[in-house]
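Chain letters run A, B, ... following the sequence lines, proteins first, then strands; residues in each count from 1. Model, not experiment: these values are computed from the prediction.
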Number of protein chains: 2
Amino acid sequence: MRPTARKIASVLTQKGYKLTAQRRAVIDVVVSSSEHLAPAALYERVRRTHPAIGLVTVYRTLEMLSELGLICRVHRGGKSRSYTLALLGHHHHLVCSRCGTVADFTGCDLEELQQRLSQDTGFKIEGHLLQFVGDCRNCQGVT
Amino acid sequence: MRPTARKIASVLTQKGYKLTAQRRAVIDVVVSSSEHLAPAALYERVRRTHPAIGLVTVYRTLEMLSELGLICRVHRGGKSRSYTLALLGHHHHLVCSRCGTVADFTGCDLEELQQRLSQDTGFKIEGHLLQFVGDCRNCQGVT
DNA sequence: CTGGTAAATGAAAATCCTTTTCAGTTAGAT
DNA sequence: ATCTAACTGAAAAGGATTTTCATTTACCAG
């Protein structure tokens, strides 16, 4: 289930955040992108419709949306961070190593493993990060 | 199975890399550390025995060891990268969010999930990243 | 045991990405 | 319409990482 821009906006106001033109613009881009986006790339796209926006605002908005759980961070090799729209509920990513397309999936079924690890190591486990990397359908033919 | 410094050194020479004093020093620190280490932290430790080494060399050596699969990168929140000795074979990490201690584990059993995802999405999956985050035994009492 | 040579090193500078600061602006409650 | 805390953008600061380049060094050949 992909949330709509409207839905995200309403979460913001409910939480007491102001709904500025800049935030709307960032949200619109996030909602309409199927790939994950680094702050800089997102900034470029937002600028098409909102040329006066500052990169800093993009950073701040992404940070805020991320804390609210509305978008989530994608972990790539390590260079720059990226974000993608959060699906409702627990999910993970499948990232294309060539074009960066992100597919989400649910049903990781790691509870059992987590419990085993907790017992074995004494860790109090708070979360996990699971991500598959590969080539998406479109990129498989490409050299 | 933890590889020894000797073992790692021999891989380097086999691959045609020169075995310099600096590289030996970096390898020694990596092998003798149970935690994962960020380049800067590793640099500090290496300097104890090899004060003239440059941070750049540490970066370059880590990059090289990582490409050879002798160490592997640990993904934290996102700030700085870290590396830890690669165990032989397939394994994953359990990272303490407070002190950074890394425990390894094997047996992630994701083949089935991977196959399902491949079919559903058309991705040609090449690898995955699985990591649990939590508080290790020592850090659980701490405020 | 010498060279000779390509590879490796260290210091400084350059790049990136991200965060902080601060003065000016604005959304939304009253 | 007014007020105020929240928000914004520009610039500066901060950090991590990479590049550049002159110098040094490991190690192969002789």
Side-chain angles (χ1 to χ4, degrees), chain A residues 5-6 8-29 36-47 49-68 71 73-83 100, chain B residues 5-6 8-29 36-68 70-71 73-83 100:
Chain A
R6 182 185 303 267
I8 291 176
S10 84
V11 173
L12 288 209
T13 51
Q14 273 171 37
K15 298 276 180 181
Y17 290 96
K18 291 186 180 172
L19 204 51
T20 63
Q22 292 90 331
R23 286 178 178 171
R24 284 175 187 283
V26 170
I27 292 169
D28 283 345
V29 170
H36 63 163
L37 294 170
L42 211 139
Y43 173 60
E44 285 311 321
R45 291 212 194 178
V46 173
R47 255 144 68 95
T49 61
H50 202 291
I53 198 172
L55 176 57
V56 195
T57 299
V58 172
Y59 269 94
R60 285 190 282 229
T61 305
L62 290 174
E63 170 71 14
M64 182 198 64
L65 293 173
S66 176
E67 274 184 6
L68 291 176
I71 62 177
R73 206 154 154 179
V74 177
H75 301 257
R76 290 251 270 164
K79 300 259 169 188
S80 66
R81 69 181 63 176
S82 292
Y83 296 92
Chain B
R6 182 184 304 266
I8 291 176
S10 85
V11 173
L12 287 209
T13 51
Q14 273 170 37
K15 297 276 181 181
Y17 291 96
K18 291 185 181 173
L19 204 51
T20 64
Q22 291 91 332
R23 286 178 178 171
R24 284 173 188 283
V26 170
I27 292 169
D28 283 345
V29 170
H36 64 162
L37 293 170
L42 211 140
Y43 173 59
E44 284 311 321
R45 291 213 195 177
V46 172
R47 255 144 67 95
R48 291 182 200 158
T49 61
H50 203 291
I53 198 172
L55 177 56
V56 196
T57 299
V58 172
Y59 269 94
R60 285 190 282 229
T61 304
L62 290 173
E63 169 71 13
M64 182 198 64
L65 292 173
S66 176
E67 275 184 5
L68 291 176
L70 294 166
I71 61 178
R73 207 154 154 178
V74 177
H75 302 256
R76 288 251 271 164
K79 301 259 171 190
S80 67
R81 68 181 64 176
S82 292
Y83 296 91

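- Proximity of a side-chain donor or acceptor of B:R73 to a complementary backbone N or O of B:R81 within less than 3.5 Å is not detected.
- Nucleotide C:dC17 holds its P atom 14 Å from the CZ atom of A:R73, rounded to whole Å.
- OP1 or OP2 of D:dT17 has at least one side-chain nitrogen or oxygen of B:R81 nearer than 4.0 Å.
- Contact detail for A:L55 and A:P39: the closest heavy-atom pair is CD1-O, 4.2 Å.
- Between the C1' atom of C:dA14 and the OH atom of B:Y59 lies a distance of 15 Å, rounded to the nearest Å.
- Contact annotation for B:A40: no contact, since no heavy-atom pair falls under 4.0 Å across all strands.
- Taken to the nearest 0.5 Å, the CD1 atom of B:I27 stands 9.5 Å off from the CD1 atom of B:I71.
- Computed from coordinates, the A:R23 CZ to C:dT25 P distance equals 19 Å when rounded to whole Å.
- Among the nucleotides C:dT9, D:dG9, C:dT19, the one closest to the side chain of A:R60 is D:dG9.
- Straight-line distance from the CG atom of B:L62 to the P atom of D:dT18: 11 Å, rounded to whole Å.
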Measure all distances between protein nitrogen or oxygen atoms and nitrogen or oxygen atoms of nucleotides 27-30 of chain C, and list the pairs falling under 3.5 Å.
unit_1	atom_1	unit_2	atom_2	d
C:dA27	N3	A:K18	NZ	3.1
C:dG28	OP1	A:L19	N	2.9

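- Taking CE from B:M64 and OG1 from B:T57, the interatomic distance works out to 11.0 Å, rounded to the nearest 0.5 Å.
- A:V29 pairs with exactly one of A:V46, A:T49, A:V58 by the side chain to side chain contact (heavy atoms under 4.5 Å, CB included) rule, that one being A:V46.
- The side chain of B:H50 lies closest to C:dG10 when the candidates are D:dT8, C:dG10, C:dT18.
- Between A:T57 and D:dT8, a side-chain N or O to OP1/OP2 separation shorter than 4.0 Å is absent.
- One can place CG of B:L12 at 13 Å from C1' of C:dA7, the figure rounded to the nearest angstrom.
- Here the P atom of nucleotide C:dA7 and the NZ atom of B:K15 are 17 Å apart, to the nearest Å.
- Per the geometry, CG belonging to A:L55 stands 13 Å off P belonging to D:dA11, to the nearest Å.
- Here the CG-CD distance, from A:L68 to A:E63, works out to 10.0 Å after rounding to the nearest 0.5 Å.
- Distance B:Y83 OH to D:dT17 P: 8 Å, rounded to the nearest Å.
- Each of A:I53 and B:E63 was assigned the nucleotide of DNA chain D with the nearest heavy atom; the assignment lying further toward the 5' end belongs to A:I53.
- Residues B:G54 and B:Y43 approach most closely at C-CE1, 3.6 Å, considering heavy atoms.
- Listed nucleotides: D:dG9, C:dG10, C:dT18. Nearest to the side chain of A:P39: C:dT18.
- Looking at the side chain of A:V56, the nearest of the listed nucleotides D:dA11, C:dG10, D:dC7 is D:dA11.
- OP1 or OP2 of D:dG9 lies within a sub-4.0 Å distance of a side-chain N or O belonging to A:Q22.
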